[in-house]
Peer 1: 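My questions all concern the structure below.
Numbers restart at 1 for each chain; the letters A, B, ... are given by sequence-line order, proteins then strands. Only a predicted model underlies this, so the values are computations on that prediction, with no experimental measurement involved.
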There are 2 protein chains.
Amino acid sequence: MDASAFEYFHAVARTGSISRASVELGMEPSTVTRHIARLEQDAGVKLFHRSGRGMLLTDAGALLLQEAGKVVDTLQHARRVAADLAAGGPSQIVVAAQPTIVKVCFAAMAHALRSRYPRARVRVIEGSAHELVSWLHQGKVDAALLYVPHLAQGHAGGEVLLREPLHCIFPAVQPAPPGPVTVPAALELPLILPSTSHGLRALAESWAQRHGKSLDVVLECDGSTSMTRRMVQAGLGCTILPLASVEEEVGRGLLQAVRIEGPEALRSVVLATAQNRPPVTGLLDITHLLRDTVFQLVDAGRWPGVDRRTA
Amino acid sequence: MDASAFEYFHAVARTGSISRASVELGMEPSTVTRHIARLEQDAGVKLFHRSGRGMLLTDAGALLLQEAGKVVDTLQHARRVAADLAAGGPSQIVVAAQPTIVKVCFAAMAHALRSRYPRARVRVIEGSAHELVSWLHQGKVDAALLYVPHLAQGHAGGEVLLREPLHCIFPAVQPAPPGPVTVPAALELPLILPSTSHGLRALAESWAQRHGKSLDVVLECDGSTSMTRRMVQAGLGCTILPLASVEEEVGRGLLQAVRIEGPEALRSVVLATAQNRPPVTGLLDITHLLRDTVFQLVDAGRWPGVDRRTA
DNA sequence: TTACTTTACGCGAAGCGTAACAATT
DNA sequence: AATTGTTACGCTTCGCGTAAAGTAA
């Protein structure tokens, strides 16, 4: 029973159709049919229910898919290591980060990675914190930059690169305090925040609990922070964000940002790598490069709101 | 890059020679050579140092072997699941146990497994407790019967089948106490025991510590317990074993066995399965069968020194 | 010399694509 | 009718084994 049979099977099960799998695999549908037919003959059971609309896994098929998935993953890793050997260094580098971080430093990072590893395929992905840890765990990304909500760092194998102060974001039309505000003062404001399970919302909730207040959430706004920014610009309320997220709007006078005081208003940016998986070739080099890039950005004043003192 | 390439590579690296790998793989040496040569070409580096005596991994080869090993393991599991599907039940059953347990009940177990799963390949392996947990973790065995030293059960996903009392084993020439002895009394005896890291030795050490005594170990005897038995027969000292290990010699008057009193002199026999790995087809059935076999042996009085009361 | 790996060569089989067919919606 | 899966057929290619050559101990 050849390993490629499991790969074909995996593709068909995932796409739910022979024709879709065939284009993904770059071969003719008839070939895929033959492979599936042979696998079913070898296994002695039907792995799919056939219908005019596609292929649906049977119970036995679902069982075998578990194993097929592992085979595909393992093979992919092995091939990648071989490719790394051939390239004399990493042949593929995948870095992910949360949107704000992407905005600030992924241009510089992509540039640094490309010039350091010209022969490697460099991929950058944007995702939520939850997605990032999941991707790390699955080995889909090599390194990730993410916010750790408060002082709860050390949960994963991450190195704290810097601490970024959070700001209260006001509409341009509303008079904002001239200097930094305290956390309790921020909690008095009508806020536009993401719904639960988002890092910033969880942080705000923990502030409210600690100071014995309740949040005045006038609007829940999920998705990209640009939507939240537009809501604040429209004067519906204030929000809490790092300065980097709104630097441009602040510069153009569309929004006002006031720093929130105190250590609880600091979010750590950590550089995380997968601990459970074997490190990719040159991962240590890569993390060094990413770290240096971040520090250079901060030193050049290109990370709004962050300097060496806060970091 | 085909998965079979990794399998061939794995075989060559493991055996250290193309010719040995070729017989293991059931093919001609020239074929294996071609596969390795192509893999090296794809990887762009030499994976082996060639010498007139065989093949030795390079650094790059060692790196790739890590991945190749995972590929081989994963593929093996996937093929097995497929074979289970084809057989309509488990196609292979691997059960392991510590030597004494093997001696007492593996004949009955092998018989029960063969009659329950006539189409399956049944394998039984004997090994030390340390090896057993390692094999379970690696997925090399489906179920294992092993002794848990004292009352520290529950560490792994194991079910306690019974508790077996330990005995003091005396030479035939030496007058032995007529009835059960206490743990402190046993600790006074000159003992022949395995060296550290063996379960029985660790148990004896813990007794000594708890009763504030020190062991009088006249001889350390590693390997099979039959060596220990011969040493006791020769009159060099006493030892501590379950009755099942020495039943035959006791019956022939070559040794004397005296039960040790108290709950601390009981060893639990646990039926363990791998928790970290997906269960094999019908594993639940198999464990049921093994459990019933043990209980039937005990009820029939075929497990020396154990009855329903101690169990 | 001996044991092992590698190359050359010819053959056979396995797998692919094209194209026609069948079945479900 | 349209989309999708399956079967038939001819062909190419890939990989195996045999046999000879090369190479280190």
Peer 1: Using heavy atoms to find the nearest nucleotide of DNA chain C for Ser51(A) and Asp2(A) separately, return the residue whose nucleotide is more 5′.
Peer 2: Asp2(A)
Peer 1: Between Ile192(B) and Cys221(B), which heavy-atom pair has the shortest distance, and what is it?
Peer 2: CG2-CB, 3.9 Å
Peer 1: Can you measure from CE (Met1(B)) to CG (Leu39(B)) and round to the nearest 0.5 angstrom?
Peer 2: 6.0 Å
Peer 1: Begin with the C-alpha distance, continue with both residues' side-chain angles, and end with the deciding distance and a verdict on side chain to side chain contact (heavy atoms under 4.5 Å, CB included) for Tyr8(B) and Thr31(B).
Peer 2: CA-CA 10 Å; Tyr8(B) 300 141; Thr31(B) 307; 6.0 Å; no
Peer 1: Grab the CZ-P distance between Phe48(A) and dT4(D) for me, whole Å please.
Peer 2: 16 Å
Peer 1: Donor-acceptor pair, Asp84(B) side chain versus Ser91(B) backbone, under 3.5 Å?
Peer 2: yes
Peer 1: Between Leu47(B) (CG) and dT6(C) (P), how many Å, whole number?
Peer 2: 12 Å
Peer 1: Do Arg50(B) and Glu40(B) sit within salt-bridge range, that is, some charged N less than 4.0 Å from a carboxylate O?
Peer 2: yes
Peer 1: Ignoring hydrogens and angles, tell me if any N or O in the side chain of His288(B) forms a donor-acceptor pair with the backbone of Leu284(B) under 3.5 Å.
Peer 2: yes
Peer 1: Identify the heavy atoms of Ala11(B) and Glu24(B) that sit nearest to each other, and give their distance.
Peer 2: CB-OE2, 4.3 Å
Peer 1: May I ask you to verify if any side-chain N or O of Arg34(A) is less than 4.0 angstrom from the OP1 or OP2 atom of dG15(C)?
Peer 2: no
Peer 1: Take the C1' atoms of the five end pairs on each side of the helix from dT1(C)-dA25(D) to dT25(C)-dA1(D), derive the two axes, and give their angle rounded to 10 degrees.
Peer 2: 40°
Peer 1: Can you find a donor-acceptor N/O pair under 3.5 angstrom joining the side chain of Arg53(A) to the base of dG5(D)?
Peer 2: no
Peer 1: Judged by modelled atom types alone, do Ser17(A) and Ser19(A) share a side-chain donor-acceptor pair under 3.5 Å?
Peer 2: yes
Peer 1: Specify the residues of residues 15-33 of chain A, ordered by number, for which at least one heavy atom lies under 4.0 angstrom from an atom of DNA chain C.
Peer 2: Met27(A), Glu28(A), Ser30(A), Thr31(A)
Peer 1: Would one find more than 12 heavy atoms of other residues, nucleotides or ligands at under 6.0 Å from atom CD of Glu220(A)?
Peer 2: yes
Peer 1: Hey, are Thr225(A) and Ser245(A) close enough side-chain-wise for a donor-acceptor pair under 3.5 Å?
Peer 2: no
Peer 1: Please list, in numerical order, the residues of residues 35-43 of chain B that have a heavy atom closer than 4.0 Å to any atom of DNA chain D.
Peer 2: His35(B), Arg38(B)
Peer 1: If the threshold is 4.0 Å, N to carboxylate O, is there a salt bridge linking Glu7(A) and Arg79(A)?
Peer 2: yes
